[in-house]
Amino acid sequence: MKNKFFILLAFTGCCIAILTACAQQKNIQSRPQNKMDVFISDLMSKMTIEEKIGQLNLLTGGEAITGTTGNADLENKVKRGEVGGFFSLTTPARIRKVQELAVNNTRLKIPLIFGLDVIHGYKTTFPIPLGLSATWDMPLIEKTARIAAEEASADGINWTFSPMVDISRDPRWGRVSEGNGEDPFLGAEIAKAMVKGYQGDDLAKYNTLMACVKHFALYGAGEAGRDYNTVDMSKVKMYNEFMPPYKAAIDAGAGSVMTSFNEIDGVPASANQWLLTDLLRKDWKFDGLVVTDYTAINEMIDHGIGNLQEVSAKAVKAGVDMDMVGEGFLTTLKKSLDEGKVSEADINRACRLILEAKYKLGLFEDPYRYCNEERAKTTIFTPENRKFAREVAAKSFVLLKNAPIAGHTNAVLPLKRTGTIALIGPLADSRVNMPGTWSVSTDLAKAISVKDGLQKVAGPQVKILHALGSNLIEDAAYQARATMFGREIPRDNRPKEQVLQEAIAIAKKADVIVAALGESSEMSGESSSRTDIQIPKIQRELLEELVKTGKPVVLVLFTGRPLDLSWEKKNVPAILNTWFGGTETGLAIADVLFGDVNPSGKLTATFPQNIGQIPLYYNHKNTGRPLAEGKWFTKFKSNYLDVSNEPLYPFGYGLSYTTFDIQAPVLDKTTLRSGEQINISVSVKNTGKVDGAEVVQLYIRDLVGSITRPVKELKGFQKVFLKAGETKNLTFTLSEEDLKFYNSNLDFVAEPGDFKVFVGNSSANVKSADFKLEK
């Protein structure tokens with residue numbers, strides 16, 4: 001009995017030791033979280049309700065114009081503890097000065113957070129996001145965000161209002177330029193890459209930025225393509241087609257979320273408890289802070305859901321933590337608390353999440369960790385960063401057309417390094433328009449124009465002649481609206497025929513014409529919606545006259561959105577869509593025009609034949625009366641009288657200076673079961689004479705579902721570089737998880753049945769195979 005007792009005692013001791021060790025290990029693993037919780041709880045126990053509300057107030061420092069509301073008496077507000085952070089304030093010296101006001105003059109010395117719209121680079125500016133997405137290159141995109149974080153954090157910033165992951169299928173909407181196109185799968189991959197690039201592996205590191213996913217949610221689906229407009233859609237469409245990029249960014253660890261301006265199910269996003277609490281926090285387990293967009297709380301008054309006190313109370317109860325600029329929280333929450341319209345728990349939740357963000361950024365440990373002036377001198381706009389920006393820009397360009405002119409056999413591009421080039425157009429010698437919209441930190445004077453780039457890259461055997469040819473827009477008032485924020489293009493006030501004939505005379509002296517035409521940078525972006533998505537009429541007239549000369553014409557197209565290029569596609573032999581390529585745009589354009597870089601960009605948004613087709617996107621549903629493939633017109637089918645259903649340029653489209661052959665996909669099995677995967681082999685050959693990169697795209701179609709399913713869905717892609725004549729075999733995999741969608745009950749399911757898989761170099765040019773899902 002005694003021996004049994006000692007054996008039992010020894011066994012119990014071993015168990016206790018094991019349990020103790022496990023507990024210690026668990027405590028070690030959770031210690032950072034516990035340490036933060038203890039610190040924040042202790043701090044909040046000392047805070048007055050007024051100090052807590054002060055943390056919820058985000059103001060602008062006024063260096064970048066992002067709205068219409070100004071803020072006076074900022075210094076005294078900081079000293080009174082009425083400010084939680086600033087945005088649009090930069091440089092270590094300025095930020096240190098403001099941080100010192102908070103740390104040295106407030107009772108609890110709580111540091112401020114400093115944010116900025118770092119959208120597609122900081123001082124080194126990369127292509128606009130729509131252009132970046134056209135690279136289909138996730139490591140490259142991640143690196144652009146990493147460089148942006150390095151530069152912005154060196155200038156005192158620790159929070160970026162990026163990435164914008166709104167899906168949009170309406171090119172009338174100006175902010176399509178700031179997103180990643182029309183596809184949820186590609187948008188989700190880019191969202192993850194951007195968050196990882198900004199935040200790195202530790203937000204406390206001095207060279208990272210806290211990401212802010214925006215605009216939550218559905219902002220890109222505004223009616224009529226008009227900014228800030230109403231959105232109305234089913235939850236099935238919402239979950240399957242618009243929400244995936246937001247969720248991907250949250251799953252990647254994004255530290256913050258920005259609300260959108262639009263309503264959802266009749267409730268503005270900034271007061272929508274279902275969106276901000278039920279979905280975001282409960283379903284998606286988001287534990288970061290939620291900030292509104294600029295004055296979004298105040299704007300809910302015009303939405304018609306209450307006065308400033310009422311909408312502010314609704315916002316904080318719905319799940320908003322920080323009020324950008326409007327100061328509704330600062331001026332009304334205490335009154336609402338006293339009247340029982342909000343609870344102290346609501347205010348505590350918001351305050352805690354803001355303090356946690358500051359803690360995670362290391363600001364309590366060192367409020368000045370982002371204020372190193374020496375680092376700012378050596379990290380920002382370096383030759384290495386500019387070299388990479390040039391490479392990225394060239395990879396973002398999409399070659400839309402490259403044909404010979406009449407009587408010739410060779411395509412117009414690439415250009416030869418001999419002879420005379422006539423460079424013509426209102427965007428040919430503009431530096432300030434090259435970085436594109438939402439490049440608030442760019443030194444516009446340091447950007448490289450097309451003329452700058454051609455002159456530097458062409459070589460001594462090329463003579464470049466330049467002429468304006470036309471104004472950007474005939475209407476001077478419209479041009480003023482389209483060239484705001486320092487992006488002016490000088491107007492030539494001579495008769496337009498005189499300006500045109502001057503350009504034609506120069507064109508006739510040249511061997512080839514490069515026409516730099518399209519939109520100015522501020523013709524897209526926020527509050528830049530357009531009902532006419534052709535290039536401006538006066539530029540079209542110039543282009544028509546240039547084509548009439550009989551010379552080879554290259555249209556170097558600038559745009560922040562898909563355009564109606566029907567006339568250009570028919571009449572211009574070569575079209576290179578350059579979006580807005582960032583600070584190094586001119587050099588990158590020259591690299592591609594002269595063939596130093598083989599273009600490899602692919603469209604991520606469909607280009608329509610005309611504006612009447614909008615919305616037009618590849619992953620649409622079939623109707624009960626679908627038009628037969630390749631047909632037009634058939635009575636009593638879903639089509640138009642005046643134009644076919646087809647896009648001008650489909651999603652995934654883009655040419656190269658070489659050609660590629662993509663063989664039909666080969667599946668290792670034709671039946672997929674739970675827990676298994678299908679391996680899909682694809683042979684790709686460079687059949688041309690030039691080395692180049694191709695984006696091989698994989699789509700599926702669920703042929704029969706409990707709800708209607710898209711005719712194609714992107715589920716994978718690989719960008720592969722091939723030398724001339726080289727063949728590579730690629731492998732894609734599909735599992736049951738890849739086939740899931742949200743059904744009418746919003747259950748995320750994969751349903752058994754027949755599927756098609758497609759592989760090709762655009763959504764319209766594919767080869768297929770069949771398989772079946774069994775469960």
Side-chain angles (χ1 to χ4, degrees), residues 40 44 49 52-58 84-85 113 115 159 161 165-166 210-219 231 235 238-239 242-243 246-247 249-251 253-301 303 305-306 308-330 332-334 336-337 340-358 360 746:
I40 300 298
M44 289 185 65
I49 195 68
K52 292 174 182 177
I53 291 172
Q55 287 298 304
L56 280 51
N57 193 27
L58 178 66
I113 188 171
W159 187 17
F161 304 126
V165 301
D166 303 319
M210 181 171 70
C212 186
V213 183
K214 64 184 190 184
H215 305 83
F216 196 63
L218 315 183
Y219 185 38
V231 172
K235 286 226 170 39
M238 190 187 303
Y239 273 61
F242 284 78
M243 289 299 193
Y246 303 115
K247 187 173 189 302
I250 299 304
D251 291 344
S256 62
V257 167
M258 181 183 290
T259 63
S260 57
F261 289 117
N262 54 277
E263 64 178 60
I264 295 168
D265 284 344
V267 180
S270 295
N272 196 307
Q273 186 168 352
W274 171 81
L275 179 72
L276 301 181
T277 296
D278 296 343
L279 179 64
L280 182 62
R281 296 206 184 276
K282 293 180 181 178
D283 291 354
W284 292 2
K285 311 302 181 187
F286 176 66
D287 62 358
L289 76 91
V290 173
V291 62
T292 70
D293 206 338
Y294 201 105
T295 64
I297 290 176
N298 309 59
E299 292 168 25
M300 292 193 291
I301 299 170
H303 274 281
I305 65 167
L308 183 59
Q309 181 184 353
E310 291 167 334
V311 296
S312 298
K314 288 179 179 179
V316 77
K317 291 188 74 66
V320 170
D321 306 310
M322 208 167 199
D323 174 9
M324 183 186 286
V325 175
E327 298 198 292
F329 283 0
L330 184 72
T332 71
L333 280 189
K334 179 62 166 61
S336 291
L337 178 65
K341 295 175 180 177
V342 301
S343 68
E344 190 167 356
D346 294 324
I347 296 171
N348 283 343
R349 179 217 73 233
C351 180
R352 172 175 283 274
L353 289 168
I354 292 164
L355 296 176
E356 285 184 359
K358 295 178 179 182
K360 292 172 184 176
L746 299 183

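To the nearest 0.5 Å, atom CG of residue Asp323 and atom OG of residue Ser312 are 6.5 Å apart. Distance check: Ile305 CD1 to Glu263 CD gives 9.5 Å after rounding to the nearest 0.5 Å. Taking SG of Cys351 as the start and NZ of Lys52 as the end, the distance is 6.5 Å to the nearest 0.5 Å. Atom OH of residue Tyr219 and atom CG of residue Asp293 lie 6.5 Å apart, to the nearest 0.5 angstrom. With values rounded to the nearest 0.5 angstrom, Asp265 atom CG is found 6.5 Å from Trp274 atom CH2.
Ring orientation note: the planes of Tyr246 and Phe216 are nearly perpendicular, at an angle over 60° on the 30°/60° scale.
Residues Arg281 and Leu276 are not in side-chain contact: their nearest non-hydrogen atoms beyond the backbone lie 4.5 Å or more apart. In this structure the side chain of Leu56 reaches within 4.5 angstrom of the side chain of Leu333, judged on heavy atoms. Looking at heavy atoms from C-beta onward, Thr292 lies out of side-chain contact with Phe261 at the 4.5 angstrom threshold. The closest side-chain heavy-atom distance from Leu746 to Lys235 is below 4.5 Å. Under the 4.5 Å side-chain criterion, counting only non-hydrogen atoms from C-beta, Lys247 is not in contact with Val213. Looking only at side-chain heavy atoms (C-beta outward), Leu337 and Ile49 come within less than 4.5 Å of each other. Looking at Leu308 and Ile301, their side chains come closer than 4.5 Å, going by heavy atoms from C-beta outward. Side-chain atoms of Ile264 and Val231, non-hydrogen and from C-beta on, never get closer than 4.5 Å to each other.
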Let's go through Met243 and Trp284 carefully: what are the C-alpha distance in whole Å and the side-chain angles of both, what is the deciding distance for side chain to side chain contact (heavy atoms under 4.5 Å, CB included) to 0.1 Å, and is it a yes or a no? CA-CA 11 Å; Met243 289 299 193; Trp284 292 2; 4.0 Å; yes
Show the numbers, then the answer: is there a side chain to side chain contact (heavy atoms under 4.5 Å, CB included) between Met210 and Leu289? CA-CA 11 Å; Met210 181 171 70; Leu289 76 91; 4.0 Å; yes
Should Met44 and Asn348 be marked as a side chain to side chain contact (heavy atoms under 4.5 Å, CB included) after you check the CA-CA gap, both sets of side-chain angles, and the distance that decides it? CA-CA 8 Å; Met44 289 185 65; Asn348 283 343; 3.7 Å; yes
Lys341 vs Glu310, salt bridge (charged side-chain N to carboxylate O under 4.0 Å, His left out): CA-CA, chis, key distance, verdict: CA-CA 8 Å; Lys341 295 175 180 177; Glu310 291 167 334; 5.7 Å; no
Evaluate the criterion side chain to side chain contact (heavy atoms under 4.5 Å, CB included) for residue pair Ser256 and Val290; output intermediate values, then yes/no. CA-CA 6 Å; Ser256 62; Val290 173; over 6 Å; no
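Closest approach of Val342 and Lys317 over heavy atoms only: CG1-CG, 4.1 Å. Looking at every heavy atom in both residues, Pro268 comes nearest to Met300 through CB-SD, 3.5 Å. Across Val320 and Met322, no two heavy atoms sit closer than the pair CG1-O, 3.6 Å. Contact between Glu356 and Asp287 at its shortest, heavy atoms only, is OE1-O, 4.3 Å. When all heavy atoms of Cys212 and Val257 are compared, the pair lying nearest together is SG-C, 3.7 Å. Among all heavy-atom pairs drawn from Lys358 and Ile113, the shortest one is CE-N, 3.8 Å.
Although no hydrogens or angles enter the test, the distance criterion places no donor-acceptor pair under 3.5 Å between the side chain of Thr259 and the main chain of Ser270. Put simply, the side chain of Asn272 gets close to the backbone of Leu275: a donor and an acceptor are under 3.5 Å apart.
Under a 4.0 Å N-O distance rule, the pair Lys214/Asp166 does not qualify as a salt bridge.
Of the options Thr295, Asn298, Asn57, a side chain to side chain donor-acceptor pair (under 3.5 Å) to Glu327 is made by Asn57 and by none of the others.
Checking Lys314 against Gln273 by side-chain atom types alone, no donor-acceptor pair falls below 3.5 Å.
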